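The analysis underlying the following values was restricted to heavy atoms, covering all of them including side chains, and did not include hydrogens, waters or symmetry mates. Only a predicted model underlies this, so the values are computations on that prediction, with no experimental measurement involved. Proteins get letters first, then strands, A, B, ... in listed order; numbering begins at 1 in each.
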2 protein chains.
Amino acid sequence: MQLMEFKLSQTEENYIKTIYSIEIHLGKSVSTNKIAEKLKTKASSVTDMIQKLSEKKLVNYKKYQGASLTSEGKSIAVKIVRRHRLWEVFLVNNLDYAWDEVHDLAEQLEHIKSKTLIDKLEAYLEYPTHDPHGDPIPDRNGNIEHHKNIMLSSAKVGENCQVIGVKDSSSSFLKFLDKTNIKLGSQLKIISIEDFDHSMIIENNGIQNSISNQISKNLFVKKY
Amino acid sequence: MQLMEFKLSQTEENYIKTIYSIEIHLGKSVSTNKIAEKLKTKASSVTDMIQKLSEKKLVNYKKYQGASLTSEGKSIAVKIVRRHRLWEVFLVNNLDYAWDEVHDLAEQLEHIKSKTLIDKLEAYLEYPTHDPHGDPIPDRNGNIEHHKNIMLSSAKVGENCQVIGVKDSSSSFLKFLDKTNIKLGSQLKIISIEDFDHSMIIENNGIQNSISNQISKNLFVKKY
DNA sequence: ATATAAATTTAGACAAGTCTAAAAAAAATT
DNA sequence: AATTTTTTTTAGACTTGTCTAAATTTATAT
Ligand SMILES: [Mn+2]
Ligand SMILES: [Mn+2]
Ligand SMILES: [Mn+2]
Ligand SMILES: [Mn+2]
């Protein structure tokens with residue numbers, strides 16, 4: 001059966017993307033309330049929409065059992081994520097936005113409909129593999145690299161880590177990182193870990209800083 | 001009275017832009033039917049919308065008298081035109097689209113809401129003054145150059161003209177120009193004009209071509 | 001096992017924008 | 001001036017997506 005081309009509304013796309021991101025995160029089907037919370041809408045509205053998406057075979061749904069994406073729904077979600085992240089790259093690399101400023105704009109731009117636009121944008125940006133927050137960009141066929149979930153918080157004293165992504169993309173978190181001079185690529189050495197609250201002293205560029213567990217739990221790193 | 005910031009829907013913006021372009025063209029208030037035709041909607045829908053825009057003081061409206069933009073409405077329209085044309089420049093200059101492919105995409109992109117995006121895009125594009133069809137781009141204060149309405153059709157035998165814009169931006173017209181090797185900046189010499197149908201023989205880059213009146217009426221030129 | 005609490009779904013209403021059909025006004029013809 | 005035609009407006013219905021309030025189901029706690 002060939003992939004039908006769907007013309008989805010902006011709203012439908014937002015629901016699909018939201019279900020996708022929660023499902024990835026939790027690894028199981030997504031509750032009505034979770035979706036409502038993330039979309040800042042009401043549970044009753046969510047029920048309506050997932051029933052509609054279920055009729056379109058984009059969502060698996062049984063009453064009171066939560067929702068999960070079908071493979072077709074997942075493939076649409078990945079396309080939306082691809083558009084979102086490529087636009088974020090453009091905004092940061094070309095238009096000189098800071099990494100904490102681009103999310104809301106990308107939320108709009110990801111819904112622009114065109115058969116050719118995103119591939120042309122990707123070529124213009126020279127095929128970036130990650131967005132400004134370190135998240136992988138799916139390729140044109142929907143293949144997406146798996147984020148290895150190593151958080152800074154799991155590192156041990158004496159280890160060296162390189163920052164490769166942020167879990168929380170909120171402006172307040174990103175601005176804190178700017179202030180502390182932590183960016184993608186930063187090389188951090190764990191000097192010590194406080195038993196009581198799991199805060200860490202890290203060395204970054206020769207400078208030592210204390211970092212709360214709240215922070216270290218939101219930084220993806222790779223050890224080296 | 002200070003300029004209120006309006007949050008208009010995409011639909012409202014499209015009505016305003018449509019009224020603007022017809023009003024500019026005709027120089028008088030715009031009939032319900034004309035708007036309906038251009039927006040491919042029904043007259044009754046148009047009546048509803050212009051009444052709504054009238055309540056918002058963006059449109060002057062008296063029953064059965066057609067609609068015209070207030071100065072506030074006009075200022076909004078110019079902003080939309082600015083966004084449209086800057087996006088068209090980006091699509092052609094940076095993403096390698098042809099000039100006949102960008103209109104529908106710009107129709108979507110012009111509705112992206114942001115206080116900063118368009119000025120940043122304009123800077124990135126290095127402050128272009130005209131879009132790919134030769135139409136002037138309003139500056140950030142809403143000032144827009146007046147197109148001098150000299151059409152190629154009004155040129156006389158022996159005169160030299162430079163193409164500076166197209167009146168019709170339809171894909172079929174633009175593709176015809178591509179085929180005939182006429183582009184913005186092309187220098188045309190009028191070799192002869194046929195009395196019967198006002199078709200012209202023009203010389204372009206050393207090559208002579210016959211051009212119908214339909215064509216010459218849709219090319220903005222300046223004489224030199 | 002029952003009672004209580006929490007989550008989910010249904011029912012009914014509303015706003016935005018659209019449409020068709022009918023009524024009213026304006027314009028064009030005779 | 002009266003009639004016909006065209007344009008515009010109104011009335012009522014429909015769609016998408018939202019909400020509140022009430023009903024139902026599932027989960028939790030006694
Ligand atoms: Mn984002
Ligand atoms: Mn991102
Ligand atoms: Mn255009
Ligand atoms: Mn244009």
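- Using a 4.0 Å cut-off on heavy atoms, the residues of residues 9-17 of chain B that approach DNA chain C are B:Ser9, B:Thr11, B:Tyr15, listed by number.
- Within residues 54-62 of chain B, no residue has any heavy atom under 4.0 Å from DNA chain C.
- In this structure, B:Lys120 forms a cation-pi arrangement with A:Tyr97, its terminal cationic atom sitting closer than 6.0 Å to the ring centre and no more than 45° off the ring axis.
- Rounded to whole Å, atom C1' of D:dT10 lies 9 Å from atom CG of B:Asp48.
- With rounding to the nearest 0.5 Å, the separation of CG in A:Leu125 from CD in A:Glu88 is 12.0 Å.
- Residue pairs meeting the salt bridge (Lys or Arg N to Asp or Glu O under 4.0 Å) criterion with at least one partner in residues 15-25 of chain B, sequence neighbours excluded, are B:Lys17-B:Glu107, B:Lys17-B:Glu110.
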Do any N or O atoms of the protein come closer than 3.5 Å to N or O atoms of nucleotides 23-25 of chain D, and which pairs are they?
unit_1 : atom_1 : unit_2  : atom_2 : d
D:dT25 : O4'    : A:Tyr64 : OH     : 3.4

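- Evaluation of the side-chain contact (heavy atoms from CB on, under 4.5 Å) rule for A:Tyr127 yields A:Glu122, A:Ala123, A:Arg140 as partners, not counting sequence neighbours.
- Residues satisfying the ring-ring contact (aromatic ring centres under 6.0 Å, His included) test with A:His103, not counting sequence neighbours, are A:His84.
- In this structure, the salt bridge (charged side-chain N to carboxylate O under 4.0 Å, His left out) partners of B:Glu13, at least two apart in sequence or on a different chain, are B:Arg83, B:Lys113.
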Could you list the donor-acceptor pairs under 3.5 angstrom formed between side-chain atoms of residues 167-179 of chain A and any protein atom two or more places apart in sequence or on another chain?
unit_1   : atom_1 : unit_2   : atom_2 : d
A:Asp168 : OD1    : A:Ser170 : N      : 2.6
A:Asp168 : OD1    : A:Ser170 : OG     : 3.1
A:Asp168 : OD2    : A:Ser170 : OG     : 3.3
A:Ser170 : OG     : A:Ser172 : OG     : 3.4
A:Ser170 : OG     : A:Phe173 : N      : 3.3
A:Ser171 : OG     : A:Asp100 : OD2    : 3.0
A:Asp178 : OD1    : A:Trp99  : NE1    : 3.1
A:Asp178 : OD2    : A:Trp99  : NE1    : 3.4

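- In this structure, B:Val89 and B:Pro132 have side chains that are in contact, with non-hydrogen atoms separated by less than 4.5 Å.
- In this structure, A:Gln65 atom CD and D:dT26 atom C1' are separated by 9 Å, rounded to whole Å.
- Note that the CG atom of B:Leu219 and the CD1 atom of B:Ile182 stand 6.0 Å from one another [nearest 0.5 Å].
- Distance CD1 (B:Ile50) to C1' (D:dT10): 13 Å, rounded to an integer number of Å.
- In this structure, the side-chain contact (heavy atoms from CB on, under 4.5 Å) partners of B:Ser9, at least two apart in sequence or on a different chain, are B:Thr11, B:Glu12.
- Atom CD of B:Gln214 is surrounded by 12 or fewer heavy atoms from other residues, nucleotides or ligands within 6.0 Å.
- In this structure A:Phe220 satisfies the ring-ring contact (aromatic ring centres under 6.0 Å, His included) test together with A:His147, sequence neighbours excluded.
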Could you give the side-chain donor-acceptor pairs of residues 27-42 of chain A under 3.5 Å, partners two or more places apart or in another chain?
unit_1  : atom_1 : unit_2  : atom_2 : d
A:Ser29 : OG     : A:Gln65 : O      : 3.1
A:Ser31 : OG     : A:Lys34 : N      : 3.2
A:Lys38 : NZ     : A:Ser21 : OG     : 3.0

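- Sorted by residue number, the members of residues 18-46 of chain A with any non-hydrogen atom under 4.0 Å from DNA chain C read A:Ser31, A:Thr32, A:Asn33, A:Ala43, A:Ser44.
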